Number of protein chains: 2
Amino acid sequence: MAKRPSKRTNDPEGLRRRILDIAAELFQSRGYHATSMHDIQAEAGVTGGALHHHFATKKALGMAVIKERVFRQVEETWIQPVQAAKSAAEGIRTVFKGTIAELDQRGRVLGCPVNNLAIELSLADADFRQALHGVFQAWRDAIAQKLRDERNKDVDPEALATFVVATFSGALALAKTEQDTAPIRACAKQLAQALPIRR
Amino acid sequence: MAKRPSKRTNDPEGLRRRILDIAAELFQSRGYHATSMHDIQAEAGVTGGALHHHFATKKALGMAVIKERVFRQVEETWIQPVQAAKSAAEGIRTVFKGTIAELDQRGRVLGCPVNNLAIELSLADADFRQALHGVFQAWRDAIAQKLRDERNKDVDPEALATFVVATFSGALALAKTEQDTAPIRACAKQLAQALPIRR
DNA sequence: TCCAAAACAGGTCAATCGTCCTGTTTATAA
DNA sequence: TTATAAACAGGACGATTGACCTGTTTTGGA
């Protein structure tokens, strides 16, 4: 018995994931306000009904992007590598090197996903600010914890972790404006001198 | 003879300056895309005709804000103080300290004006990117030149200057998201250790 | 005094924004 | 099978956006 050619197959999780992926991509490359719901609709290939079904408002979509995409990116590119490294300094160096290599390979520098949204949305909405603050905090905490484990009395773990996060975010902002990884390389070099236990 | 009560007094330069001031303020606190021409019109107390007469497009207004306001802010808060300081390290420390004091006094942290616009506009428009790149360059050059004057063989002036600019921008982004100057203080402390000739 | 250009007033315009509506199809459990 | 809710289609909605237009007033040089 031949199956009637179904016109549609419901896949709520897959659709939701596709919308989130596209939204995260567009929010990073164009910014939140410069990306319209229609853009996301067209780019993801979904109808307005489907988009509204999964995310009733643009803010809900933005919050989901932060909590389910941006946070995960920070976990993957920073938190896990730092935890897995044999020392904080080693982990930080590795992440910088990896970032530079990845961006050199790709054409464009889009900047730091957390920082991009943080700057555009922190003052616009309290919920956005809190969510982004949480991402920064987790990022910083992972580095601080690694530094704490090393029990180096010359090191202030919290301050140094904040310093690393700030420098990375700033370096990517400069690289974005310059469309070149040179600023990141300069910061990686200078930061290496400021990190403990050179080896 | 009593003067006829004139309904209007033309003051093109004053009006232009007022529009630029308001636009710079709104672009910094709300962002470029989140600020409408109507917002600027209302906030500056000018008519649509006057606004359009001085700035035909929003982009033209944005470019003028970058070149005539943001650039000037960087000159005043960074370039001049660094040039006037007895050493680069001393100048950098002074600017950080001044920024912290100013922000602690004020309620809100709006972030770095250059960085705010750079992140939102660098990928959106080539002219914006170039203009903002120029501001970053002037900022960095001033610090690099001061470092070069000191002829310290252990210091790479360009790299260290980039490092300082990145750290400052990133620190203000963190402070903006946290609405607290703590990240800037942490960065100032860590940066001081990385600067040459501690005194 | 006269006149051309600049400065400004006040509103219109199509396009686009985010939201939401009604209807249809698909999946799920009884 | 049947009922019920979730998933999705496709557009409509009023509000707002940036641009710009015509008309009036002011200004400064001839």
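Letters A, B, ... mirror the listed sequences (proteins, then strands); counts begin at 1. Predicted model, so just to flag it, every value in this text is computed and none were measured.
Nucleotide dG18(D) holds its C1' atom 12 Å from the NE2 atom of His33(B), rounded to whole Å. The interatomic distance linking Lys58(A) (NZ) with dC20(C) (P) rounds to 15 Å, in whole Å. Here dT17(D) presents its C1' atom at 14 Å from NE2 of His52(B), a figure rounded to the nearest Å.
Contacts of Thr47(A) with the nucleic acid, taken as non-hydrogen atoms under 4.0 Å apart, include base atoms.
Nearest nucleotide to the His53(A) side chain, out of dA6(D), dT19(C), dC8(C): dA6(D). Looking at the side chain of Ala50(B), the nearest of the listed nucleotides dA9(C), dA27(C), dC17(C) is dA9(C). When distances run from any side-chain atom of Leu15(A) to the nucleotides dC8(C), dC8(D), dG18(D), the shortest one goes to dC8(D). Out of dA7(C), dA19(D), dG18(C), the shortest distance to the side chain of Pro12(B) is found at dA7(C). In the set dC8(D), dG18(C), dC8(C), the nucleotide with an atom closest to the side chain of Ser36(A) is dG18(C). Distances were taken from every side-chain heavy atom of Thr9(A) (C-beta onward) to each of dG18(C), dT27(D), dA27(C); the shortest belongs to dA27(C). Listed candidates were dG10(D), dT19(C), dA7(C). Nearest to the side chain of His38(A) is dT19(C).
Residue Glu13(B) is the one, among Leu51(A) and Glu13(B), whose nearest nucleotide of DNA chain C lies closer to the 5' end (criterion: closest heavy atom).
Distances shown here put a side-chain N or O of His54(B) below 4.0 Å from the OP1 or OP2 atom of dC8(C).
We find that Asp104(A) and Arg185(A) are joined by a salt bridge, their nearest charged nitrogen and carboxylate oxygen being less than 4.0 Å apart. A salt bridge links Glu178(B) with Arg140(A): at least one charged nitrogen is closer than 4.0 Å to a carboxylate oxygen.
No option in Glu68(B), His54(B), His53(B) other than Glu68(B) meets the side chain to side chain donor-acceptor pair (under 3.5 Å) test with Arg16(B).
At least one donor-acceptor pair closer than 3.5 Å links the side chain of Gln179(B) to the backbone N or O of Val109(B).
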